[in-house]
Amino acid sequence: MVDAVEQVDPLADQSGVAELHAMIERYRLLLESTTTVLFTAAVDGSLRRSESWERFTGQSASEYTGPDFGGFDVVHPDDRPELERRWMDAVSARGELVATYRLRDATGAYRRVRSTAVPVLEPDGTVREWVGVINDIEDDLGAREELARQGDLTTTITENATSALFLMDASGRPTYMNSAAVEMFGYTLDEISCAPLHDAIHHTRPDGTPYPLAECPIDRALPQARWVEPYEDLFVRKDGSFVRVRAAASPILRSGTPIGTVVEVQDVTVEHGLQAAVEESSRRAKFLAELSGALDERVTVRDRAERAVALLADRLGVRASIHLDAAHGIEWCAATTPPPPVSDHDVAAYAGSLDERSSGMAVRSADGDADVRFLSIVARGHDLGVLTVAIDSPTPGGLELDSFLEQIASRVGLALDNAQLFEWERKVSHTLQFGLLRGLTTRIDEVRLSYTYEPGSDSMEVGGDWYDVFRLTDGSIALVVGDVVGHGLDAATEMSLLRGAVRAFAIDAAPTEVLRRLDRLMSASQSGSMTSLAYALLDPSTSTVRYACAGHPPPLLLTASGETRLLWDGRSTPLGSASETHRVETEITLEPGDTFVLYTDGLIERRGETIDVGFRRLEEAAALSGPFDEGFARRLTEGLRTVSSHDDDACVLAARIEAPGGFVYELRAAPAELAPLRRQLVDWLASIGVGDDTSREVVLATSEAAANAVEHAYAMDGKGVTVVRAAAEGDEVHVVVRDHGTWQEPELPGDRGRGRFLMRTVMDDVRIEHDATGTIVRMRRRFARETRA
Amino acid sequence: VSADENEPPFAIRVEGGRRIVTARGDIDMATASEFRRHVEAATEPIVVIDLTEVTYVDSAGILAVDRSLAALAERHQQVRVVVPPDSPADWTFKVAGFDPGNFFTSVDEAST
């Protein structure tokens, strides 16, 4: 209102001076009634006498008039220099002056006033005098309250802002900072107001190098009078730590001139924290995937548990342990080094309380700083054990940890449960297989046997290999080695079925017939598995072996002199082949000291090698496997399988007709052949300590049996071969007389009957069997061993 | 045990109307028929079969002795078989229960 002084050109009508004075008088009255002080001043600016001035200030005319400018004495000392300067400036510039300052009233109190002074100009433009009004605005309570309110609002806004706010003066020194700024940087205004703000909070880069003021983007706000758009930066706290911020700056302009800068700083750590949380979350998902994958690579429950705690330690930096079957007494435990700070008792107590809890997790603050969590390891509805995790440092991102741990426990549970199932299956398979492979004899009559089974080293699964040895009623010995393709319980089960089937089918059947019966069985049972089989009939009385291989590696013949030969005859396709198969067999005769070896391909196959190399190595190893005894097969296997690892299992079955200590004699179908047989037999019996009386009984019975063969099987044709074998078995002499002739009943029935009668009289046991292949006579006679002189 | 290879398996001599057939070595399937031939060839009224030096007799030998005895008896010739106790022939005959009732323990005994 006061400012809205009517703009009048007092010299607009120079002819009407009276009119002018009248007008001035009107204004004076008007002003006196509405203003506090009305004053005039001389050209030099010195006040003239003013009643209203004297009334307000209490000054006498001598105090404020005149060239001493005594009027300024009642201006507040803080306001006076500027007012004096501006007044003199206005006087010399002949410009108007509007000023607000504090003026001491007659009571001595300073009151805020606003004054306006304008020059009254002569027609030539020179100043004639000055007129002015002074208004007391101190009493304008409404205005003052408004100001205060606005001040409060500003304060409220600035102090409650989450952003830190700084005001810098033109020199870059902070003149104001809100409480957010104090909190964010740790400084009070007093601590940093003496130097540019940059030196307090922006002096160093993250890499430790100084950050020159000249390069500071904030600093450009002032001289360039432009906004600095929000950008991200790292500022430094009082304690030297960095804080990630988003900063913006804007110049404070007065009449277009920058006089300071407002700097707004937002802490974006939280924002980045959220981003970190997202990263942590994805890191956790990655960990869970890695955990599952890593556990899959291990086979046993224990290996998996140990891998799990190792991963937890390595990737998450926690201490962890896994107690298996914790509720029923701890079976065992896998733990990091060092382990979580809990005892087995703690874990068992937790596991024991499972029934009463709905949650699978318990939290316990341990004695130290570690935060310990117990988690049930549950899979497929049953409780496997307890995962204990000790967290020594807070997790990044502040993510909720419990759900993550529960996910870990769940993955671990599934992996362990799978391993348990797997171990169970493996155990059953092994039981099946080793139950079948165990307990075979190492000797059947004069046939000595050596066998071994070795599971694959790389795979924990059981293979489908088996071997079997059994004696048929005709005295021949069946040698079986088979290989069901595949591993695990299925293969083991199939193997046990086939093993039984071979035994059943072997009765009264040639090798090819055994294979044909197996073909029919597998076709009928629609068994999906391919099986290879080597089936051999060893006839100890003739030292012959008849064999057939169905998709199986060839038998190996090892002679006494160490020569080897692979027996490639008698081969046909594997069992279970879809097509009708022609089965073939072949026969060889073993020389004294020969070893007949059956095996599965696991013995010779090696990754990255051709099968020929495997066969060659087998022959070399067999020649080096030493004397034939029970350990022969094992030594052969070890000699072949030490070099590298093996996926497949392998078994070996080796047979040899006993030569050392045994008696073997072949005679042609001629009467003259009998006496030499008897002489050899007498010598052999004497060599094993059989006394004379017993000796002649055994010789008589043997000779009678041989004579029968010569006469009735071969009709003394001079060609047919009869094999006589004898061996000492404990306190018995066993004699086997075998021919391959065609038995013809004697013309006079009594004649040969006398021979059999003699045999039965002198021997403890005599068995005579005829079949399509000939006659076999088995006799046993106990004897008292005599020590030779 | 075995007989001297150089000695013939059978020796025949006639003393005072008696034919003495001495067998050596084994009487088995290989020699049984020769044994019978030598024995049954006798025409003397008394035939002595000496098995003292026989080293082995089997069922074929028993059969040969048995058949020979039967053949000579049919011709009314008297046969005496010398089988010393515990000789191989004696042992086999005992095992077989073969005792035709005309066994003597020595040639001298059989000659009286």
Next item on the list: Please indicate whether Asp765(A) has more than 12 foreign heavy atoms, meaning atoms of other residues, nucleotides or ligands, lying under 6.0 Å from its CG.
Entry: yes
Checklist line | Donor-acceptor contact present, side-chain Asp50(B) to main-chain Glu53(B), <3.5 Å | finding: no
Checklist line | Which portion of Glu673(A) sits near chain B, non-hydrogen atoms under 4.5 angstrom | finding: neither
Next item on the list: Please flag which part of Arg696(A) lies under 4.5 Å from any non-hydrogen atom of chain B: side chain, backbone, both or neither.
Entry: both
Next item on the list: Taking all non-hydrogen atoms of both residues into account, name the closest pair between Leu537(A) and Pro511(A) and its distance.
Entry: CD1-CD, 3.9 Å
Check: What residue in Leu700(A), Val762(A), Asp693(A), Leu674(A) has the most heavy-atom pairs under 4.5 Å with chain B?
Finding: Leu700(A)
Notebook entry, point to check: Can you tell me how far the CG atom of Asp90(B) sits from the OG1 atom of Thr105(B), to the nearest 0.5 Å?
Noted result: 10.0 Å
